[in-house]
Undergrad: 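Structure below; questions to follow.
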Amino acid sequence: MPAPVLTPEEFQRRLLAWFERHGRHDLPWQQDRSPYRVWISEIMLQQTQVATVIPYFERFMARFPTVQALADAGQDEVLHLWTGLGYYARGRNLHKASRQVVNEHGGELPVHSLDALAELPGIGRSTAGAIIAQSRGRRAVILDGNVKRSLSRLHAVEGWSGRSAVARRLWALAEYYTPHEYVTDYTQAMMDFGATLCRRGQPDCPSCPFADVCVARGRGEERRFPESKPRKVLPTRTTRMLLLQDAEGRVLLERRPSSGLWGGLWSLPQFDDDEQLQAWLDAHVPDAELGRTWSPFTHVFSHFRLEITPQPARCNAALAVDEARRWYDPGEPASIGLAAPVKSLLTTMAPFTLEPTGA
DNA sequence: GAGACGTGGTT
DNA sequence: TAACCAAGTCT
């Protein structure tokens, strides 16, 4: 172990003293720390901030209070409650994992084993540790963004944590400081410390219980840690979204492929260009009347920009629906997962006016 | 190892 | 405002 700045005991003592006064003690998933509730919260909290998660967690627990309830539900309803939260593979994996828990573990999350937990889809090394520490109080090491940031600064760990050598070093530090007792408070304290004091933007060093030993602070370089991922320019993709309404004002939706962007969610039919859109209409809805194309808007994702041009149209003919195609009434929304920009379009721009193409 | 995967907040 | 980032995991 490389030059510790504190013994584990001293680190834990200072951290827990700070946590008692400044930690978060009344988050929804802290009220009843059942493995199921902790599991759901940990999945929702992946790459997502607490304030965003809270309302989703409350709705999810109200609808799916047990593993069994979740396993009994259909994927559409699970994704419906995940709509707007992002990273939808989390929702799909959660649903899949709930059925595994029912079928392979007797309906109980395998909290006795880190490895058994991590075999469930969506649960990696850190989340498995968090579930065990938070729900059982058994010693388990976590390494999330908060812990990475705090330990990176405390020890001035150079390099981006996506590099395996850096990740190994951070895991070793996390392991070194994690206590055998008070693990529930300790792990929560580490996350609260990173989220509220040792923030990326403006760390509150003057209030920090480790200010005297923090290596980054000692060098006046706390803002340089942790090192960020090398960035590349975002490519731009363009797409046409068909806003096809039938005589009753319902909108045509298509289910996205089960993997990839918005996997398993419902979206408007998408086309690369006008020709493809027109060809599809000719083949499936020959009586469709096209309106004037709306101006494009841009949706920025982590890895690309999506420029969307909505194309309004109306038709009278019935269109066969199936597993991947349906009519959707914006006035009486069904419990299905909708891609966020689509939901936004349907709520803010409905009812769609159909202006003549040449007007 | 590198890229994919979302959305909302912050600077 | 455009970039950057947040309680990571999977392929």
Side-chain angles (χ1 to χ4, degrees), chain A residues 23-24 27-30 38-57 79 82-94 96-97 117-131 133-134 140-150 159-168 170-171 174 187-196 198-202 223 225-237 256-265 267 298-306 337-344:
Chain A
R24 294 173 289 195
L27 297 172
W29 41 90
Q30 295 176 325
V38 170
W39 174 37
I40 302 299
S41 72
E42 291 299 335
I43 298 297
M44 288 187 169
L45 285 161
Q46 289 171 0
Q47 301 286 282
T48 311
Q49 299 188 345
V50 166
T52 302
V53 164
I54 288 175
Y56 283 87
F57 178 81
L79 291 181
W82 213 272
T83 293
L85 197 53
Y87 283 136
Y88 299 98
R90 294 183 296 173
R92 298 195 302 274
N93 284 332
L94 199 52
K96 186 175 174 186
L117 271 181
E119 278 181 23
L120 293 169
I123 300 182
R125 184 174 172 185
S126 185
T127 298
I131 292 172
Q134 289 294 309
V141 181
I142 65 167
L143 186 65
D144 64 358
N146 291 309
V147 180
K148 284 179 185 172
R149 185 168 53 256
S150 306
W160 171 52
S161 66
R163 285 169 42 195
S164 59
V166 179
R168 273 197 304 277
L170 291 171
W171 272 108
T187 57
Q188 186 61 49
M190 282 300 280
M191 294 188 281
D192 289 356
F193 177 76
T196 68
C198 197
R199 301 176 294 255
R200 166 171 288 278
Q202 297 176 311
R223 299 290 295 273
F225 299 93
E227 284 186 29
S228 52
K229 175 182 182 174
R231 283 285 172 181
K232 297 174 179 174
V233 286
L234 297 183
T236 300
R237 303 181 202 169
R256 303 274 307 173
S258 57
S259 65
L261 186 71
W262 300 324
L265 272 66
S267 179
T298 301
H299 213 71
V300 181
F301 295 87
S302 347
H303 48 298
F304 67 99
R305 303 170 190 281
L306 185 60
L338 278 180
V342 174
K343 187 171 189 177
S344 172

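So that the names make sense, note that chain A is the first sequence line, chain B the second, and so on, each numbered from 1.
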Undergrad: Assign each of A:Ala128 and A:Gln49 to its nearest nucleotide of DNA chain C by heavy atoms, then name whichever residue's nucleotide is nearer the 5' end.
TA: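 Upstream on the strand: A:Gln49.
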
Undergrad: When you check the phosphate oxygens OP1 and OP2 of C:dA3, does a side-chain N or O of A:Arg231 lie under 4.0 Å from one of them?
TA: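 For C:dA3, neither OP1 nor OP2 has a side-chain N or O of A:Arg231 closer than 4.0 Å.
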
Undergrad: How do A:Gln30 and A:Asn93 order along DNA chain C: which one's closest nucleotide is nearer the 5' end?
TA: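 First, find each residue's nearest nucleotide; the 5'-ward one identifies A:Gln30.
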
Undergrad: Nearest-Å distance, CG (A:Leu117) to P (C:dG8)?
TA: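 Those two atoms, CG and P, are 17 Å apart.
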
Undergrad: Could you check which of C:dG8, C:dC5, C:dA3 has an atom nearest any side-chain atom of A:Arg305?
TA: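 So the side chain of A:Arg305 is nearest to C:dA3.
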
Undergrad: What's A:Leu85 touching, base or sugar-phosphate or nothing? Going by heavy atoms closer than 4.0 Å.
TA: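 Base, at least one base heavy atom under 4.0 Å.
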
Undergrad: What nucleic acid atoms does A:Val300 come within less than 4.0 Å of, heavy atoms only: base, sugar-phosphate, or nothing?
TA: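 Answer is base: heavy atoms of A:Val300 come under 4.0 Å of a base.
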
Undergrad: Tell me, please, the opening and closing nucleotides of DNA chain B, 5' to 3', among those with an atom under 4.0 angstrom from a non-hydrogen atom of chain A.
TA: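 Extent of the interface on DNA chain B: B:dG1 to B:dT11.
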
Undergrad: What is the separation between atom CD on A:Gln46 and atom C1' on C:dC5, rounded to the nearest whole Å?
TA: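 Computing the A:Gln46:CD to C:dC5:C1' distance gives 16 Å.
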
Undergrad: Counting any heavy atom closer than 4.0 Å, what does A:Trp29 reach on the DNA or RNA strands: base, sugar-phosphate only, or nothing?
TA: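 Base, at least one base atom sits under 4.0 Å.
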
Undergrad: With sugar-phosphate meaning primed atoms plus P, OP1 and OP2, does A:Thr48 contact a base, only sugar-phosphate, or nothing at under 4.0 Å between heavy atoms?
TA: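 Result for A:Thr48 = base.
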
Undergrad: Can you find a side-chain donor-acceptor pair between A:Thr48 and A:Arg90 that sits under 3.5 Å?
TA: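 Yes - a donor-acceptor pair under 3.5 Å links their side chains.
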
Undergrad: Which nucleotide wins on minimum distance to the side chain of A:Tyr87, given the candidates C:dG8, C:dC4, C:dA7?
TA: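 Of the candidates, C:dG8 comes closest.
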
Undergrad: Name the nucleic acid region contacted by A:Gly201, choosing base, sugar-phosphate or nothing; use a 4.0 angstrom heavy-atom cut-off, strictly under.
TA: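 Nothing: the residue A:Gly201, judged by heavy atoms under 4.0 Å, touches no strand.
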
Undergrad: Counting any heavy atom closer than 4.0 Å, what does A:Leu27 reach on the DNA or RNA strands: base, sugar-phosphate only, or nothing?
TA: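 Here A:Leu27 touches the bases of the nucleic acid.
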
Undergrad: Taking CD1 from A:Ile54 and C1' from C:dA7, how many angstroms apart are they, rounded to a whole number?
TA: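 Rounded to the whole Å, the gap is 12 Å.
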
Undergrad: Rounded to whole angstroms, how far apart are CD on A:Glu227 and C1' on C:dC4?
TA: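 Atom CD in A:Glu227 sits about 16 Å away from atom C1' in C:dC4.
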
Undergrad: Contact class for A:Ser41 vs. all strands (heavy atom < 4.0 Å): base, sugar-phosphate, or nothing?
TA: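 Contact class for A:Ser41: none.
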
Undergrad: What's A:Ser302 touching, base or sugar-phosphate or nothing? Going by heavy atoms closer than 4.0 Å.
TA: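 The answer is base, as A:Ser302 lies within the cut-off (heavy atoms under 4.0 Å) of a base atom.
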
Undergrad: Using only heavy-atom distances, decide whether a donor-acceptor pair under 3.5 angstrom links the side-chain of A:Arg199 to the base of C:dA6.
TA: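 Side chain to base: no pair below 3.5 Å.
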
